[in-house]
Amino acid sequence: MIYLDSNATTCVAPEVLEAMLPFLRDQFVNPSASYKAARSARRAVEQAREQVAALIGARSEEIVFTSCGTEGINAVHASVRALWPERRRLIIGATEHAAVLESAERWRQSGGEAVVAPVDRNGVIDLTALRALLAESPTALVSIMWANNETGVVAPMMEIVNAAHEAGAQVHADAVQAAGKLPVHVERIPVDYLSLSGHKMHAPKGVGALFVSRRMRFQPLLVGGGQEGGRRGGTENVAGIVAMGMAAAAMTRALVDGTEAAVRAMRDRFEAALQTRLPKVVMNAAAAPRLGTTSSVTFPGVDAAGLLILLDKAGVACSAGSACHSASLHPSHVLEAMGLDTAHAGSTLRFSWSRFNTVEETDSAVEAVARAVTRMRELAAG
Ligand code: PLP
């Protein structure tokens, strides 16, 4: 299989698997116990905390381990409700992940007010509209993704933070797709909360992390045994946490050692080749700052669901819209928010790379896509 769906989930890196295995075998102890083996598990958790902190320029005590990105997002949205009734507004972006969209819906149902900041044709948050929404009503939280899972579009995070803070609002960044793929530094761009997910960065599913700035008062979503400094109850997933630390360390290196650039080069090669091989293909958000891992391609006149089936047969794994809910194959709300009509949104596939892909795979994927699209267009033309 040529796996071009790393925005959906990534493979577990070999060194990450090696690092976590001892904690599933003989070092299975509870890190809160009092014996020597437990102290060693505790040290492993704390080392992972430092590694995750280093990836985003945080202090280790600002990192709370969670079960996934979704948990971090829900925890922040729930905690910030402490600002009600003085500040009841939540502002989210139009292209947020379902975790933010659904959590905003819950905010609304519980008596808060959730509003949506639009994006432009390139998928970039409209800062003028955001400032207007902030001026309209006292806002508790601006919750915006740092990078989009479908298009890779990178948000103007510094401007968003400045606008929100000037209006007295707090900022949560969903950095599930951004971390490790572009420089994310919480001191330079002082977001108040930031969510991360292990399985998007070559750790396994079932672990995530939440950055909570030391400036913030945080109400835990899960209460229990007081783990994570009382910020997230529940016995620590030591193996997962160790994996996340190891994965974060590798991502920190990948940002500076040319790996990120090599991945971006594969993506660019793919897009350039498709444009020469096929008439009428559109690279969505190509004019916006984008992650180097992601390509959202519209093949006008071609049904994305059919194309997915042909590509699957040819051994290429990619997705239509957001893979997290692509089984439903609804037109993507991300593409619609960018002004694509239903027909174009329904002719769009997402391809996403990681450092485990190769140039050869990329070239084979171009062949497969070009063949499948040509065949579908010929059939449609009769
Ligand atoms: N936010 C974004 C941008 C995502 O892409 C995803 C997963 O696809 C999530 C949040 C949810 O992360 P998790 O699967 O770890 O809950």
Side-chain angles (χ1 to χ4, degrees), residues 3-12 16 52 55-56 63-78 92-106 119 123-125 142-155 157 160 171-182 184 191 193-211 221-222 232 237 240-241 243-244 247-248 251 285 290-291 293-296 317-328 330 332-335 337-338 350-354:
Y3 186 69
L4 292 182
D5 204 19
S6 284
N7 285 13
T9 197
T10 55
C11 62
V12 176
V16 169
V52 171
L55 175 64
I56 57 165
I63 301 299
V64 180
F65 285 111
T66 61
S67 64
C68 60
T70 300
E71 183 190 323
I73 291 163
N74 276 269
V76 171
H77 289 198
I92 64 169
T95 59
E96 298 306 310
H97 184 267
V100 168
L101 296 175
E102 300 264 319
S103 168
E105 189 49 42
R106 178 172 279 185
V119 296
V124 179
I125 282 282
V142 175
S143 191
I144 303 255
M145 61 201 338
W146 202 306
N148 184 273
N149 45 308
E150 291 186 35
T151 58
V153 169
V154 178
M157 220 56 216
I160 291 169
V171 180
H172 164 250
D174 170 358
V176 164
Q177 294 291 345
K181 301 176 191 167
L182 53 87
V184 166
V191 297
Y193 312 93
L194 180 143
S195 304
L196 301 170
S197 172
H199 77 100
K200 308 287 187 183
M201 47 195 273
H202 303 292
K205 294 151 197 72
V207 65
L210 175 64
F211 158 79
L221 181 63
L222 299 184
R232 201 268 185 182
N237 169 8
I241 288 171
M244 179 125 186
M251 289 302 235
R290 269 192 307 164
L291 294 176
T293 54
T294 309
S295 185
S296 166
C318 59
S319 65
S322 161
C324 305
H325 48 261
S326 70
S328 61
H330 284 307
S332 147
H333 72 285
V334 173
L335 300 174
M338 292 164 60
R350 175 189 73 185
F351 303 86
S352 48
W353 282 255
S354 80

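When a residue number appears, it is its place in the shown sequence, counting from 1. Counting starts at 1 for both ligands and their atoms, in listed order.
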Where ligand 1 meets [X] - atom numbers and elements under 4.0 angstrom, heavy-atom basis:
{"X": "Asn149", "answer": "3 (C), 5 (O)"}
{"X": "Gly69", "answer": "12 (O), 13 (P), 15 (O), 16 (O)"}
{"X": "Ser197", "answer": "13 (P), 15 (O)"}
{"X": "Met145", "answer": "3 (C)"}
{"X": "Gln177", "answer": "3 (C), 4 (C), 5 (O)"}

What part of [X], side chain from CB on, backbone N/CA/C/O, both or neither, has a heavy atom under 4.0 Å from ligand 1?
{"X": "His199", "result": "side chain"}
{"X": "Asp174", "result": "side chain"}
{"X": "Cys68", "result": "both"}

If we check side chain to side chain contact (heavy atoms under 4.5 Å, CB included) with Met145, which of these qualifies: Val100, Val154, Thr95?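 Single pass found, and it is Thr95.
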Do you know which of Val16, Thr10, Val52, Leu55 makes side chain to side chain contact (heavy atoms under 4.5 Å, CB included) with Met201?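 Option passing the side chain to side chain contact (heavy atoms under 4.5 Å, CB included) with Met201: Leu55.
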Relative to atom 4 (C) of ligand 1, which among His97, Lys205, Glu150 owns the nearest non-hydrogen atom?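 Nearest option to atom 4 (C) of ligand 1, by heavy atoms: His97.
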Let me see the working for Ser296 and Glu150 under side-chain contact (heavy atoms from CB on, under 4.5 Å), right down to the final yes or no. CA-CA 7 Å; Ser296 166; Glu150 291 186 35; 5.9 Å; no
Would you call Lys200 a ligand 1 contact, heavy-atom distance under 4.0 Å?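 Yes, Lys200 has heavy atoms under 4.0 Å from ligand 1.
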Test of understanding: with side-chain hydrogen bond (donor to acceptor under 3.5 Å, both in side chains), list the residues that count as partners of Ser197, not counting sequence neighbours.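 Scan of Ser197 (side-chain hydrogen bond (donor to acceptor under 3.5 Å, both in side chains), adjacent residues dropped) gives none.
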Report yes if the side chains of Ile56 and Phe211 come closer than 4.5 Å at any heavy-atom pair, otherwise no.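 With C-beta onward as the side chain, the pair touches.
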If you look at every heavy atom in Gln177 and Ala147, which pair is closest and at what distance?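 Gln177 and Ala147 have their closest heavy atoms at CB-O, 3.7 Å.
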About how many Å separate CD1 of Ile73 and CG of Leu210, when rounded to the nearest 0.5 Å?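 Rounded to the nearest 0.5 Å, the CG-CD1 separation comes to 9.5 Å.
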